[in-house]
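These notes concern the structure reproduced below.
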Amino acid sequence: MNKEKIEKKYKLKIKELIKHNKLYYDKSNPIISDSQYDHLKKEVIELELKYSYLNSKYSPNQNIGFKPSKSFEKYKHKIPMLSLSNAYDKEDLINFEKKIFNYLNKNINLNYSVEPKIDGISASLTYINKKLVYGVSRGDGKIGEIITENLKTIKDIPLEIKKDDFPNEIEIRGEVFIKKKDFFKIKDSFANPRNAASGSLRQKDPNETKKIPLNFIAYTFGYIQNNSHRNQSDFLNSLRLWGFKINKDNKVLYKIDELINFHKTFEIKRFDLDYDLDGLVYKINDLNLQKRLGFTSNAPRWAIAHKFSADKAYTKVLNIDIQVGRTGALTPVAKVEPVNIGGVVVSNVTLHNEDEIKRKDIRVGDIVKIERAGDVIPHVIEVDKNKRDKNSNLFIFPKICPSCGSKTIKEFNKITKKYDAVRRCINDSYGCERIAIEKLKHFISKDAFNIDGLGKKVVENFWNLSLIKKPQDIFNLDYSKIEKLEGWGKLSTRNLKISIENSKKVTLQKFIYSLGIRHIGIENAKIISNSVKNISKLIQIIQKKELNKFINIDGIGETQINSLENFFSNEMNFNILIEMKNILNIENQSLIKNGILKNKTFLFTGKLDGMSRAEAKALVEKNSGTTLSSVSKNLNYLVIGEKPTKSKINNAENLGVKIISQQDLENLLN
Ligand code: IVH
C-alpha cells in the first residue's frame, strides 16, 4: 500500500472511532460490542506503530475516553482520571513486574492490592469539610462533567462524613454500576448494565436517575490532604470505616502465581456475583512506591488490569428448549442465566444437536463455559463437572416432535455411512406448527418474497391471529381486520396491500426457493427452474413422479431429489404449488442468451438500494451476464452499494476493474 492509501485507511478508522465514541459517550447507545470497539482501537494503534507519520488528535493514544456530552457543566480534574494498562496472561504480568524493577533499578518483593474491576462508570467525589461538594464524571480523563445531583441520588454515596479522621479535603474515586438483577428489569432499553448505568447518570433530571437503582463502590483517591495511609489496602479499610462501600472481595496477594490462581477462580466465581466485572485490578500496595513509580502518559506504572476473556464466560443452564426449524430439524437451545460477554448480554446458547448434548453431557443445572466470538452463535465449550449437583439427571432428548407430536428420525447418510447428528420431525409441512411458522418466515425472507411491511414478527403475529396459516393466505388477507389491529392503521394496511400485490409477479426460480425445501437453496432453485422453464411443467413432473429425471442436471444429486420427492409427497405442500399457480404471476424462466450483459462479469459489494443481492444477481443473469464471487482479473465490473468492503475496492483498483454504482448498472440495462 502506498502512503496515500495508508493515510486514507487510517482516516477511515479514526472516523469510525469518533462515531462509536459519540454513540457510546454522548448518546449512551453503542452499536458495537466492547470487544469490537477494542479491536478498532487496536487497529488504529497498530497502524500508528507501523507508520510513524500517522497521527490524529482523536487517536486512542491521545485520548483516554471521549469528550463529555455538552449538556453538563465541565470540571477540570485536579488529578487526571487515567485508565489502566491491560494484561491478559502470565507473560503480561511478568513484563509488568519487570518494568517496575527496571524503573526502580532493583528487584524487590512486591505486594498487591487485588480488587475486582467492576464494569461500570467511574466517578469522582470531592468532599470539603466533610461534605460532598462535587460529583464529577470521568469525561476524557482531564475534563469531566458535573453530575453532583445525579450522584447524590445513589444511596451508597455518603453526603456527609462525621468521622474525625476524615480529611478536610479529599477526592474519592469509585465505580457507579447497576446490579445484574436490576438491569434485567430494564434490559430492553440498554445493551448491557454498564450502558444502563451510564445512561442513567447522564439524565438531565436527577429524578430520572433515581428511577434506576445505581450503586457505588469506592476504590481510590485522586487528591487527599495529609495522607497518613501507607498502603492501598489501609486506605480501602479507611474508606469502609468512613462509610463507603468497598468490594468485599478485595485482598492482598504477593506472587504472580497467586494472582494467576485467584484470577482463575474469580473468572468462574464472577457469574455468581450480582454485578458485572471485566477483570481484576492489581495495584502495588505500598503508596510510597506508587508515588515513586508515577504515571506514563495515560496509565499508572503501579497498577494493571488483568482482564477476563472477552468472549468466554461461565453461566448456569436453566433449561433446555427444543426448537423446531423450517426443515424439521430439532435444535436444542440452552436457556442460561443471562451473562455479559464482551458487552453483549447472552441468555440463549445453541447446543447444536442431540449428539452434541450427549458428547458433552450437558444437563439442566450445569455450570458451563460458553463462548460468543464474532458472528458465531453463542455455544457451550465445556461443562464444569466439579460444580455439578449429585442429583442431576442426564438430559433425555425428546423422541417425538415437541411441536406436533410426530415421530422424529435421524437420517442415515449413505456417503459417510453414519446416522445424522440432527434429529428431525418427519412432518416436513404446514401440519407442524413450528415448521409452518418457520417456513412462512422463509417465504417472506429477503431473498424470497421480501414483502415490505411483512417481516418475521408480523408473520408470527398474523399466525397467532389465524390470519396466515399457509403461504396462500398471504394473498388473501382480511385487510379490514388488520386495519383495526394494534400498531396498524389505514395507511400501513394500504401499503401492505400494495406491496403484497406487487410481489405477485415473481420469477420461477424465486418461487421455488421460497417454498423452503430442504437442500434447495437459491442456486438449486435456479438450476431447477432453468430445467423446467415453467411452473406447469414442474407440476407435471411431480404428478408423474418423474423428479428423479433431475439427476441428469449438473448440480442436482440424490440428496436434492430425495428431498424434493419427500417434500412434494406431502399433499399440503403439493397443493401450495397448485393454488399458487393461480394466485401468482410466476414468470417463465427464459434465458436471454444474447442479452445486453453478454460476456460481462459482475461482483456486488455493500448494501444495494431497494433490492437484495439475490435479486441483483438474477437481474444480471437474466441479461446474460455472469456474477463472480471474488475480485479477479476476470472481473469486468465491481458494483458498489452502501458500506462496501474496502478490500474489494482496493483489489479492483489494483487490477483495473471498473467500479460502478447501482445506478450505473441500471443505466447499462437501460
Ligand atoms: S483504579 C489510575 N480500581 O477501571 C487508576 N479502577 O481502566 C485507575 N475500575 O476508569 C483506577 N474497578 O472505571 C481502579 N478497583 C478499581 C477499579 C477500577 C474498576 C475501572 C475504572 C477505571 C478503569 C480503568
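Just so you know, ligand 1 is whichever comes first in the structure, and atom 1 is the first atom listed for that ligand.
Under the 3.5 Å distance criterion, the side-chain polar atoms of His379 are left unmatched by any main-chain donor or acceptor of Ile370.
Taking the six-membered ring where tryptophan is involved, the planes of His306 and His263 are essentially parallel, since the angle between them stays under 30° and well short of 60°.
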Under the salt bridge (Lys or Arg N to Asp or Glu O under 4.0 Å) rule, what do Asp182 and Lys185 come out as? Steps first, then yes or no, please.
CA-CA 6 Å; Asp182 292 322; Lys185 293 180 205 151; 3.1 Å; yes
May I have the step-by-step check of salt bridge (Lys or Arg N to Asp or Glu O under 4.0 Å) for Glu7 and Lys9, ending in yes or no?
CA-CA 5 Å; Glu7 275 176 341; Lys9 182 173 171 185; over 6 Å; no
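Within 6.0 Å of NZ on Lys312 lie more than 12 heavy atoms contributed by other residues, nucleotides or ligands. In the displayed structure, Lys99 atom NZ is contacted under 6.0 Å by at most 12 heavy atoms of other residues, nucleotides or ligands.
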Check ligand 1 against the protein and report each N/O to N/O distance under 3.5 Å, formatted as atom name, atom name, distance.
unit_1	atom_1	unit_2	atom_2	d
ligand 1	3 (N)	Lys283	NZ	2.9
ligand 1	4 (O)	Lys117	NZ	3.4
ligand 1	7 (O)	Leu84	N	3.3
ligand 1	13 (O)	Glu175	OE1	2.6
ligand 1	13 (O)	Glu175	OE2	3.1
ligand 1	13 (O)	Tyr219	OH	3.4
ligand 1	15 (N)	Glu115	OE1	2.8

